[in-house]
Structure formats: structure tokens, C-alpha cells
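First up is the structure itself, then whatever we jot down about it.
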Amino acid sequence: MNYEYTSEGIRINKSEDFNAKQILECGQIFRYTVENDGFNIYSTNKTCRLICKKHHDIICTNNPKEFVHFFDLNRDYGEIKQSLMGYPNMKNIISHGSGIRILNQNPIEMIISFIISANNNIPRIQTIIEKLCFECGDQVNDYYAFPEIKVLNSKGELFYRAIGAGYRAKYLVNTVDALANGFSLDLQGMNISSARKHLMKLMGVGRKVADCILLFAYHRTEVFPTDTWIIKYYDDLFGATNISVTKKADILSEYYGKLSGYAQQYIFYYMRSGYKFINKN
DNA sequence: CACCAGGTCTCTC
DNA sequence: GAGAGACATGGT
């Protein structure tokens, strides 16, 4: 990715491989706001302002190095997209969201966020997380940080219900307690199935949520998070069958290999934009 | 009213 | 290990 540090911030020259709107709207991040000239983006207790100009974007932040990693700027997405083009229908799908990148986010924030995401819709997920930060997070200038796990662990099920988590409140209480008491988040050296199994010990973390955590916090791109949108895609591509969602996820991740996570994001964005998938080779 | 949204848990066989 | 139901909440 072509970028440089300037006095204004991280300057990103206009490129097919970076589109702020697509990066933020492809469902991987829940904490951002839309402004006239761009976006405000929040991750753990950090923030940046992404200003979109005609010929370039500027990332304004006090933590430039962290946000270079956050936006995955040192990876060649052109190469990734080139490889994916070889798959059926991917040309259309990728061209619709060609500026998507997979962010490198915080494991705890991803775990909590995606437990809330289960059987829920994106606007409501955002509202719940926003309330969580407002109620439990440290105030930093004009926003609230993602809460410390200790603070979250001081809250009970009633609190999580009050912010709208519904029946997931119990899962949150249970998982936050595990995280506050030394549950390991170090997945280094673990193969994908061990890493997934480990995360799934947390209450509220099933196959799909585990795969989101692996992809968005650990950049394990060999997973293919399979939700209701992806199932629609799968059924169109391979034909609707009675096999389980888990099995479909296995087949998809086998099919796309190490590019699964990237493929999944392009497809998710495409499907959710209201495009009907048409299976034509 | 039913169905859906980035599913998971529990119970049963 | 696979297959039903239940589950909070808000939108269409």
C-alpha cells in the first residue's frame, strides 16, 4: 500500500486497494461515526480521524504506527484480489468492494462485540456496544474507550440486559469473568482448529463468532465466518442442501484456502449491499 | 401477525 | 455428533 507519514497524518494516495467507506461498512468494525469530510474510528482506547479528499485520504492520529497496522497498510491487497479473481463470480464481487481491507483489531474487543453480534443486526449491535462504552469505558476527550475487562467484570447480568444485550447478557457475564481471570488469548503457534476450539470454550462463542475473532483480531485468513448472508451465497453457489452451517463453513474454507477470510469479506459486503448473487461462470 | 438480523446454548437421542 | 427449540430486541 502506498502511504507516507506527513505532518497532517498518514497520507494514503487514492488507490483501488483502500476505500474508507467499504472498510468500515463491511461489518468488521462497530465503533465509528460518519462525518462530513470522513469518519471517526475507535479501537480500544485509541482513535483516529479518517479524512477523505479527492486525490488522497489522511489518517489523523496520535498513534500513527498503531493505525498503520490497524488498517493493514503493509499488505498487498492487489495480489490477494488477483488470486481470488480465479474463482467463479469473484470478479464482480471484488469489483464491488475492491477497497476493502481486513483490520487488525483488539482480541477482547472482538470477543465482546461478536458475542453481542449473534442473531442480531448491525445497527443494534452498534447501539449496544456504544452503550457499553459509555457506561463502562474511560472518557478520552470527546469519546469513550472500550472498557477495561475488570470494569466489565464488576457488572452483572442485569446491567448487560439494561444496555440491550438481551439473552446474551449471561454469556457476557460468563466470558468477561473468564477473561478477567487469566483465560489465555495467546494463540501463537496453534493450528486453526486448536485455536478455534480454545476460543469456543468461552460462553457465547460458537463456530461463527470464533471465526470472526480469528479473522478480525488475529488475521487468521484461513477461516470463513459463515452467517445467514454467507449461507445465501453458499446455497446459490453450490445449491441449497440440508447440510449443517458448520459443514458449509468447512467446505467454503477448504475451497478458498488461505484466502478464505478475504473472500468472505468481499462476498459479505456484496451480498449485504442488496446484490442478488447469480451463479454464472 | 410472521420473519429476519454477522448464532449459541441446552436438551435429547 | 446431529437435530429441534428457546432465546431478547427492534425493524419491516
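We name chains A, B, ... by the order of the sequence lines, and we start the count at 1 in each one.
Counting only heavy atoms from C-beta on, A/Ala118 has its side chain closest to B/dG7 among C/dA8, B/dG7, C/dG10. The side chain of A/Arg124 has C/dT9 as its nearest neighbour among C/dC7, B/dT8, C/dT9.
When the P atom of B/dG7 is taken as reference, atom CG of A/Asn121 falls 10 Å away, rounded to whole Å. One interatomic measurement links the two molecules: CG of A/Asn242 to P of C/dA4, which rounds to 9 Å at whole-angstrom precision. Note: CH2 (A/Trp229) to P (B/dG7) measures 10 Å, nearest angstrom. Atom OH of A/Tyr167 and atom P of B/dA5 are 13 Å apart (whole Å). Regarding A/Arg168, its CZ atom lies at a distance of 11 Å from the C1' atom of C/dG10, rounded to whole Å. Here the C1' atom of nucleotide B/dT8 and the CD1 atom of A/Ile213 are 13 Å apart, to the nearest Å. Between A/Phe114 atom CZ and B/dA5 atom C1' there is a gap of 14 Å when expressed in whole angstrom units. Atoms CD (A/Glu130) and P (C/dG10) sit 15 Å apart, rounded to a whole Å.
In terms of heavy-atom proximity, A/Lys65 sits nearest to A/Tyr5 at CG-OH, 4.0 Å.
Heavy atoms of A/Val245 sit nowhere under 4.0 angstrom from any nucleic acid atom. Among the protein residues, A/Tyr269 comes within range of no part of the nucleic acid, since none of its heavy atoms lies under 4.0 Å from any strand. Counting any heavy atom pair closer than 4.0 Å across all strands shown, A/Gln126 reaches no nucleic acid atom.
Dashed line: the shortest gap from a side-chain N or O of A/Lys131 to OP1 or OP2 of C/dT9 is not under 4.0 Å. Between A/Thr228 and B/dA5 there is a side-chain N or O to OP1 or OP2 distance below 4.0 Å. Taking 4.0 angstrom as the limit, A/Ser117 places none of its side-chain polar atoms (N or O) nearer than this to OP1 or OP2 of B/dG7. Taking only side-chain nitrogens and oxygens, A/Arg161 comes nearer than 4.0 Å to OP1 or OP2 of C/dA8.
At a cut-off of 3.5 Å, with distance as the only test, a side-chain donor of A/Tyr3 or A/Asn74 sits close to an acceptor on the other residue. With hydrogens and angles left out, the side-chain atoms of A/Asn106 and A/Thr44 include no donor and acceptor closer than 3.5 Å.
A 4.5 Å side-chain heavy-atom check between A/Ile41 and A/Phe70 finds at least one atom pair inside the cut-off.
Nucleotides of DNA chain B nearest to A/Arg207 and A/Asn120 differ in position, and the one nearer the 5' end is that of A/Asn120.
Other residues, nucleotides and ligands contribute at most 12 non-hydrogen atoms within 6.0 Å of the CD atom of A/Gln82.
Within the 3.5 Å criterion, the main-chain N or O of A/Tyr144 finds no donor-acceptor partner in the side chain of A/Gln139.
Residue A/Ile29 forms a side chain to side chain contact (heavy atoms under 4.5 Å, CB included) with just one option from A/Gln105, A/Met110, A/Glu109, A/Gln126, and that option is A/Gln105.
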Please tabulate the protein-to-nucleotide N/O contacts below 3.5 Å involving nucleotides 9-13 of chain B, giving atom names and distances.
unit_1: B/dC9; atom_1: OP1; unit_2: A/Gly204; atom_2: N; d: 2.7
unit_1: B/dC9; atom_1: O4'; unit_2: A/Tyr171; atom_2: OH; d: 3.4

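Checked against a 6.0 Å centroid threshold, the rings of A/Phe18 and A/Tyr77 do not count as neighbours.
Taking the P atom of each, C/dG10 and B/dT8 are spaced 22 Å apart, rounded to whole Å. Taking atom C1' on both nucleotides, B/dA5 is separated from C/dA2 by 25 Å, rounded to a whole Å.
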